[in-house]
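Please read the structure below before turning to the comments.
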There are 2 protein chains.
Amino acid sequence: MRTFWERGYEGASLSDLTEATGVGRQSLYLAFGDKQKLYLAALDRYREHFFLPLVEALSGNVDVRVALREAILPLVDGSCADDPRGCFLVAAAAERAGEDSAVRSRVTAAFAGLETALLEAAQRSRAAGLVADTVDLTGWAALTVATIQGMRVMEAGGTDRATLIRALDTALAMLHP
Amino acid sequence: MRTFWERGYEGASLSDLTEATGVGRQSLYLAFGDKQKLYLAALDRYREHFFLPLVEALSGNVDVRVALREAILPLVDGSCADDPRGCFLVAAAAERAGEDSAVRSRVTAAFAGLETALLEAAQRSRAAGLVADTVDLTGWAALTVATIQGMRVMEAGGTDRATLIRALDTALAMLHP
DNA sequence: AGCTTTGTTGACTGGTCAGTCAAGAAAGTT
DNA sequence: AACTTTCTTGACTGACCAGTCAACAAAGCT
């Protein structure tokens, strides 16, 4: 997973993958079929280990703003030091979604899942009186998914931390009652 | 440019490039040096032909909301039918920014340029009384750059048109007086 | 026209690619 | 222990990769 994450689909050779996994070439082929299926498995693993935790973190606090900020800031800080930069799902969307429909459907599903989780977290926050009644939460959820993915692109692209945090905080500030 | 845009850096072979350009292999090497420099030239061409027009479109109407919506909607509609999906700059950020600092600096500069243009356009709109005084325009500009890039990722990832437009419209709605 | 410079062509290089194969080791079964 | 099945290994394949080379054509200049 890490190898595909760091180097992309085309950039990761089978030799890179056997070296990184410590698993022989033929074993990989017997276990996964071919490179594309191995890539999908890596993507699924990323989703499970890095994306779903983010989604679940949204229910960790009554206030979406606190929950989301706490979940996203470490990513922007790069403080998860030994993980590659940027988001594997974003890279997959950019590099492979056009050519591989299995990648596309996983990416679409992941983004939709995040949007739903954001909406529900926002609704819970509203129920707790933490969010203004005037805000269109469905719209806010769509906006916030796009903002998060955009932040991940800009993060990979070298945009400074302050700008990214400002973007996030502005999205969060919308909710203020 | 179109070949790199469609297939990415690693995905576009020199044979693809000579075929697409109609220019011989050696001519490309004499003119550009190597594949990396050719990629940079393609990126510069994209910036000039597709990104700067978007930036300039922001001064095409006193109301940022109208200007931005008119500029972005065609991209989301894919009505620019013969252009590849997604944004070349986003793909470059995801695939190459980590490995090629020249790509990174171009991407960073492009995003920063869009942010500045958004800020100035929003300020002009405010001067015309079209934007609420309470909105933090700097924050809004940062948010909107991230949102646009996120939309481009999600567009490539197969997210439906309606969700993307909703995200954009929510960012625009923030400005309402 | 004769000569220099510039551009073009297609064959070629060493290296790497994804994927396969066959031989051997390990583990499970009776 | 004998045998079958599963897993692992490293050598191998044809294809393709970025980049080079030398022969050739076109154009510019005197």
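Below, chains carry the letters A, B, ... as their sequence lines are ordered, and counting in each starts from 1.
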Starting at CG of L143(A), measure out to CG of L172(B) and round the result to the nearest 0.5 Å. 9.5 Å
To the nearest Å, give me how far apart [atom1] ([X]) and [atom2] ([N]) are.
| X | N | atom1 | atom2 | value |
| --- | --- | --- | --- | --- |
| L17(A) | dC17(C) | CG | P | 10 Å |
| E10(B) | dC17(C) | CD | P | 10 Å |
| L38(A) | dG19(C) | CG | P | 10 Å |

Would you list the pairs meeting salt bridge (charged side-chain N to carboxylate O under 4.0 Å, His left out) in which at least one residue belongs to residues 44-67 of chain A, sequence neighbours left out? D44(A)-R106(A), D63(A)-R65(A)
So, Q36(A) versus D100(A): side-chain donor-acceptor pair below 3.5 Å or not? yes
With heavy-atom distances below 4.5 Å as the criterion, would you say the side chains of [X] and [Y] are in contact?
| X | Y | result |
| --- | --- | --- |
| Y9(B) | E10(A) | no |
| I148(A) | L68(A) | yes |
| T163(A) | F111(B) | no |

Joint cluster assignment, V55(B) & M154(A), ILVMFWY side-chain distance < 4.5 Å: yes
Honestly curious: do L40(A) and L28(A) fall in one hydrophobic cluster under the side-chain, below-4.5 Å linking rule? yes
Keeping the roles fixed (side chain from W140(A), backbone from A171(A)), state whether a donor-acceptor pair exists under 3.5 Å. yes
In residues 27-36 of chain A, which residues come under 4.0 Å of DNA chain C by heavy atom? Y29(A), D34(A), K35(A)
Using five base pairs at each end, measure the axis-to-axis angle across the helix from dT8(C)-dA23(D) to dT30(C)-dA1(D) and round it to 10 degrees. 10°
Going by atom type alone, with no hydrogens or angles, which donor-acceptor pairs under 3.5 Å involve a side-chain atom of residues 117-126 of chain B and a protein atom two or more places apart or on another chain?
unit_1	atom_1	unit_2	atom_2	d
S125(B)	OG	V62(B)	O	2.5
S125(B)	OG	V64(B)	N	2.8
S125(B)	OG	A121(B)	O	3.3
R126(B)	NH2	A132(B)	O	2.9
R126(B)	NH2	D133(B)	O	3.4
R126(B)	NH2	V135(B)	O	2.6

Residues from residues 94-105 of chain B sitting under 4.0 Å of DNA chain D, heavy atoms only? none
Output, in order, the C-alpha distance, side-chain angles, deciding distance and verdict of side-chain contact (heavy atoms from CB on, under 4.5 Å) for F50(A) and L89(A). CA-CA 10 Å; F50(A) 292 83; L89(A) 275 162; over 6 Å; no
Please tabulate the protein-to-nucleotide N/O contacts below 3.5 Å involving nucleotides 11-16 of chain C, giving atom names and distances.
none

Could you walk me through whether Y39(A) and F88(A) satisfy the ring pair (Phe, Tyr, Trp, His ring centres under 6.0 Å) test, starting with their C-alpha distance in whole Å, then the side-chain angles of each, then the deciding distance to 0.1 Å, before giving a yes or no? CA-CA 11 Å; Y39(A) 183 78; F88(A) 190 9; 5.6 Å; yes
Donor/acceptor link under 3.5 angstrom from Q26(A) side chain onto base of dC7(D): no
Of all heavy-atom pairs between A146(B) and A167(A), which one has the smallest distance, and what is that distance? CB-CB, 4.2 Å
